[in-house]
Amino acid sequence: DNGQLFEGTGSQGNTGISMVAKVDYQTGSILEKKELDQKYFGEGITILNDQLFQLTWQENTCFVYDKNSFKKLKEFSYDGEGWGLCNDGEHLIMSDGSERLSFRDPSNFALKKVIEVYSNEGPVKALNELEYINGKIFANVYQTDYIVVIDPKSGAVEKRIDASLVALDHRKTGEVLNGIAYMPESKQLFITGKNWPSLLEIGLVE
């Protein structure tokens, strides 16, 4: 957001801390952070209208913060699980681990519409981290090294990005591929994964 990388992490209980943070993307240094209570498992984040929205996995809660101060402004409740979150400038777009993406009103989290994501092989489930880039939704497919590019109107998968070689070289002791960020000013695309040691700037090749 305006050149500043925001990161959301997920952990629960004694295994670690869930937080949102401002991170220097060039050095990895945490500039500022806000931790969640240990009962919450942090999930997807997105920024819209100077507010940062953060989902939780199984706690049915979306936290809303001032993006600059991280002061909590409000919270919303929802049914089901929270996985990934992005926005199209008007709606929040949320994944829940299935093939469904929910479009929600950022003022009250009311459900506006749902699309189902399909490829030529059928429904694409386990949609996780989301990023809205140039009119398309980019989504990690959980426990795979693939990112799918989705038409937000129809739910059709238009492209599939194979990041398996990148994951092989850079995952190290980390876990799943699960992080997408885009800087529209410079058209830089970044990916990472859970507990990966690096944030990677990538280019896409047909």
Side-chain angles (χ1 to χ4, degrees), residues 6-13 15-20 34-49 51-65 67 72-119 121-133 136-144 146-157 160 175-181 192-195:
F6 290 80
E7 182 177 18
T9 66
S11 193
Q12 199 170 36
T15 59
I17 296 294
S18 290
M19 67 179 181
V20 290
K34 183 178 183 67
E35 297 180 354
L36 288 181
D37 187 280
Q38 285 193 340
K39 70 178 182 179
Y40 295 105
F41 191 111
E43 281 288 351
I45 66 171
T46 194
I47 293 173
L48 179 61
N49 301 328
Q51 295 181 334
L52 188 151
F53 298 80
Q54 179 189 29
L55 297 178
T56 55
W57 177 31
Q58 295 179 321
E59 295 75 43
N60 314 113
T61 304
C62 175
F63 294 105
V64 186
Y65 310 101
K67 76 166 187 181
K72 190 175 82 168
L73 303 175
K74 50 192 169 183
E75 58 185 73
F76 300 122
S77 297
Y78 52 85
D79 294 327
E81 295 186 350
W83 286 43
L85 193 65
C86 68
N87 75 84
D88 60 5
E90 180 181 1
H91 301 100
L92 302 175
I93 306 170
M94 170 184 172
S95 63
D96 62 6
S98 70
E99 71 273 22
R100 294 181 298 276
L101 295 177
S102 303
F103 288 66
R104 295 180 176 272
D105 186 328
S107 66
N108 57 15
F109 220 62
L111 184 63
K112 293 299 183 180
K113 70 173 182 177
V114 176
I115 63 171
E116 295 186 342
V117 178
Y118 280 77
S119 72
E121 298 175 344
V124 181
K125 299 179 182 292
L127 299 170
N128 204 359
E129 155 73 352
L130 307 176
E131 185 82 352
Y132 194 87
I133 303 174
K136 306 295 180 183
I137 301 169
F138 284 56
N140 284 122
V141 181
Y142 184 54
Q143 292 188 323
T144 79
Y146 290 100
I147 298 168
V148 290
V149 182
I150 303 161
D151 182 331
K153 294 182 180 179
S154 68
V157 172
R160 188 171 75 160
E175 302 169 47
V176 295
L177 183 75
N178 190 32
I180 310 169
T192 190
K194 189 174 181 69
N195 295 320

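Sequential numbering from 1 along the given sequence is applied to the chain's residues.
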Salt bridge (Lys or Arg N to Asp or Glu O under 4.0 Å) for Arg100 and Glu116? Distances and angles first, verdict last. CA-CA 5 Å; Arg100 294 181 298 276; Glu116 295 186 342; 5.2 Å; no
Got a second to check how far [X]'s [atom1] is from [Y]'s [atom2], nearest 0.5 Å?
| X | Y | atom1 | atom2 | value |
| --- | --- | --- | --- | --- |
| Ser119 | Tyr146 | OG | OH | 12.0 Å |
| Lys136 | Lys153 | NZ | NZ | 8.5 Å |
| Ile47 | Phe6 | CD1 | CZ | 4.0 Å |
| Glu59 | Tyr40 | CD | OH | 7.5 Å |
| Ile180 | Asn140 | CD1 | CG | 4.0 Å |
| Leu130 | Glu43 | CG | CD | 10.5 Å |

Determine whether [X] and [Y] make a side-chain contact, defined as any pair of heavy atoms from C-beta on separated by less than 4.5 Å.
| X | Y | answer |
| --- | --- | --- |
| Phe53 | Cys62 | yes |
| Ile150 | Leu101 | yes |
| Leu127 | Val148 | yes |
| Thr56 | Tyr78 | yes |
| Gln54 | Leu36 | yes |
| Ile147 | Leu177 | yes |

Could you tell me which non-hydrogen atom of [X] sits nearest to which non-hydrogen atom of [Y], and how far apart they are?
| X | Y | answer |
| --- | --- | --- |
| Phe103 | Pro152 | CZ-O, 3.7 Å |
| Leu55 | Met94 | CD1-CG, 3.8 Å |
| Gly89 | Leu48 | O-CD1, 3.7 Å |
| Ile137 | Cys86 | CG2-SG, 4.4 Å |
| Gly84 | Ser95 | N-OG, 2.7 Å |
| Ser18 | Ser11 | OG-O, 2.6 Å |

Listed by chain and number, what are the side chain to side chain donor-acceptor pair (under 3.5 Å) partners of Glu81, not counting sequence neighbours? Trp57, Gln58, Trp83
Any donor-acceptor pair under 3.5 Å from Lys34 side chain to Lys72 backbone: no
Partners of Glu35 by side-chain contact (heavy atoms from CB on, under 4.5 Å), sequence neighbours excluded? Ile17, Met19, Lys33
Going by atom types alone, do Asn178 and Glu129 pair a side-chain donor with an acceptor below 3.5 Å? no
May I have the list of side-chain donor-acceptor pairs in residues 105-115 shorter than 3.5 Å, sequence neighbours left out?
from	atom 1	to	atom 2	distance (Å)
Asp105	OD1	Ser107	N	2.8
Asp105	OD1	Ser107	OG	2.7
Asp105	OD2	Ser107	OG	3.4
Asn108	OD1	Ala110	N	2.9

